Amino acid sequence: MTETSAAASSSTSTDLVLERRVVTEIPGPRSQELHARRVKVVPPGVHSVLPVYIESAHDAIVRDVDGNQFIDLGAGIGVTTVGHTQAEVVEAAKAQLDKYLHTLFTITPYEPYVRVAELMAEHTPGDFEKRTVLVNSGAEAVENAVKIARKFTGRRAIAVLDHGYHGRTNLTMAMNFKAAPYGTGYGPFAGDVFHAPSSYPYRDGLSGAEAAERTFWYLEKHVGASDLAALVVEPVQGEGGFMVPADGYLPALKEWTEKNGVVFVSDEIQSGMARTGKYFASEHFGIVPDLITFAKGIAAGLPLAGVTGRADIMDSSHPGGLGGTFGGNPVAAAAAVAVFEMIEKDALLAEATRIEKRLKGGLEDLQSRFDIIGDIRGHGAMVAIELVESGTAQTTKVPNSAAVSALAAHAAKNGVLVLTAGTNGNVLRFLPSLAITDAQLDDALGVLADGFASL
Ligand SMILES: *Cc1c(COP(=O)(O)O)cnc(C)c1O
């Protein structure tokens, strides 16, 4: 039954020539065969954006079972931030595999978990004592941040911002702004979650102070500050479309939460771990969150997530209240330690800044030629373009999701993997690994330019 995949899996990540290559139609015949098997055993609810089946990957290149090679501008949604199959990470995981795979930290603990907690304490903003709990997924991290904030404050309500995204569990579905596809038909949802207006400079035209006033008014009138346990904020929004809030917005929110005894949670699951040119995007805005949730980029592809925060808040949970069977798995934790070491050794924060310059430069050039690019925004290797109907970029800004779909399809056909985003589905987002070269970026931008020209 697995003959086809065995026959196709001849090369490993180290054999890869790191360039874009299209050698069959996309998806190719072997991918189509695998897809036919998959649809008989995997439900359509687990949707794949581009059903090319992957054989190997290295740095910013993924190779499919037909031998097509894609420049990966998505990094598995910002997970392989340090690059696919980096030797340091693979070696660290292999070394751990030879020692033990699981003991359960809440039964008999081990060092890699403690080391990750030390590194998180060191690299998250804030000079106070911190604690870290490790879990398996981003949604689980958000769930834990909410639990911890409620326990600490003794309050019921949770506030999130418009256009936010926090996961697919029952609680986090209630915290998402966009209903479809994440929540449609899956209710009833958890209660006491309130969605406050955010800052979206391209569309609301508000200063940071004005947008913050609007957020406070909503929270004070509609929720009541004294009932609010936590405000959960993505400093740069992910699924919502990479919105960077107006200057002063996040500091104002932070100050308001301090004044009102509300726990400020920065959801850095997408924006954290060197992605934006800082360890955590909160640093771009000069804010020091009470709690930070992290996941995606921390272990270069192995499942690891968690919450880091102020010791007094984290310590309010009683023994046994936090944890889970697989949380802080030793192999994933060993990989995470290697990721932190790579960020330092390879000066990856500077790589994110290099990528931002190259990418934004190329996109600005495209914007001067194609007036449907309404906005270019983001920090580091987390950059997006918002597309609108021709002639509306400065006026009505009519969302153009058709162009986004056509461009993503054009890119895929030509060996460039690019992700979409946005509440209106009209955003192309770029989350390349920090190992991507300027030549690969330029090549991918050239494919996009052809795509724009052919719209
Ligand atoms: C991806 C994401 C989540 C959910 O993480 P999962 O690991 O998919 O559960 C939560 N918050 C943000 C900001 C994310 O980008």
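Since we're looking at a predicted model, the values are computed, not measured. Numbering of ligands and ligand atoms starts at 1, following listing order.
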Exercise. What atoms of ligand 1 come closer than 4.0 angstrom to any heavy atom of S137?
Worked result: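 Listed by number with element: 7 (O), 9 (O).
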
Exercise. Which ligand 1 atoms does E234 reach within 4.0 Å, using its non-hydrogen atoms?
Worked result: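 Counting atoms of ligand 1 from 1, those under 4.0 Å from E234 are 13 (C).
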
Exercise. What part of K296 sits under 4.0 Å from ligand 1 if we count only heavy atoms: the side chain, the backbone, both or neither?
Worked result: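 It is the side chain that gets close, since no backbone atom is under 4.0 Å.
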
For this session: Would you kindly specify which portion of A139 sits under 4.0 Å from ligand 1, judged on non-hydrogen atoms: side chain, backbone, both or neither?
Result: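 The answer is both.
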
Cut-off 3.5 Å, side chains only: do [X] and [Y] have a donor facing an acceptor?
X: S48; Y: R38; answer: yes
X: H163; Y: Y200; answer: no
X: N329; Y: H102; answer: no
X: E234; Y: S271; answer: no
X: T215; Y: Y249; answer: yes

For this session: Determine, using heavy atoms of G238 and all atoms of ligand 1, whether some pair is separated by less than 4.0 Å.
Result: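 Flag not set, G238 not near ligand 1.
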
Exercise. Of all the non-hydrogen atoms in the protein, which one sits nearest to atom 11 (N) of ligand 1, and at what distance?
Worked result: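 Nearest protein contact, heavy atoms only, for atom 11 (N) of ligand 1 is D267 OD2, 2.8 Å.
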
For this session: Please indicate, with yes or no, if any protein heavy atom is found under 4.0 Å from atom 15 (O) of ligand 1?
Result: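 Yes, there is one.
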
Exercise. Are any of the side-chain heavy atoms of Q86 and E91 separated by less than 4.5 Å?
Worked result: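 With C-beta onward as the side chain, the pair stays apart.
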
Exercise. Using 4.0 Å as the upper bound for N to carboxylate O, is an ion pair formed by E122 and K130?
Worked result: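 No salt bridge links K130 with E122.
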
Exercise. Just distances here: any N/O of G138 and N/O of ligand 1 closer than 3.5 Å?
Worked result: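 So ligand 1 has an N or O lying under 3.5 Å from an N or O of G138.
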
Exercise. Do ligand 1 and E239 have nitrogen or oxygen atoms that lie under 3.5 Å from each other?
Worked result: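 Checking ligand 1 against E239, no N or O pair falls under 3.5 Å apart.
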
For this session: Select the closest option to atom 10 (C) of ligand 1 among H166, Q270, M175, judged by heavy-atom distance.
Result: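 Nearest heavy atom to atom 10 (C) of ligand 1 lies in H166.
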
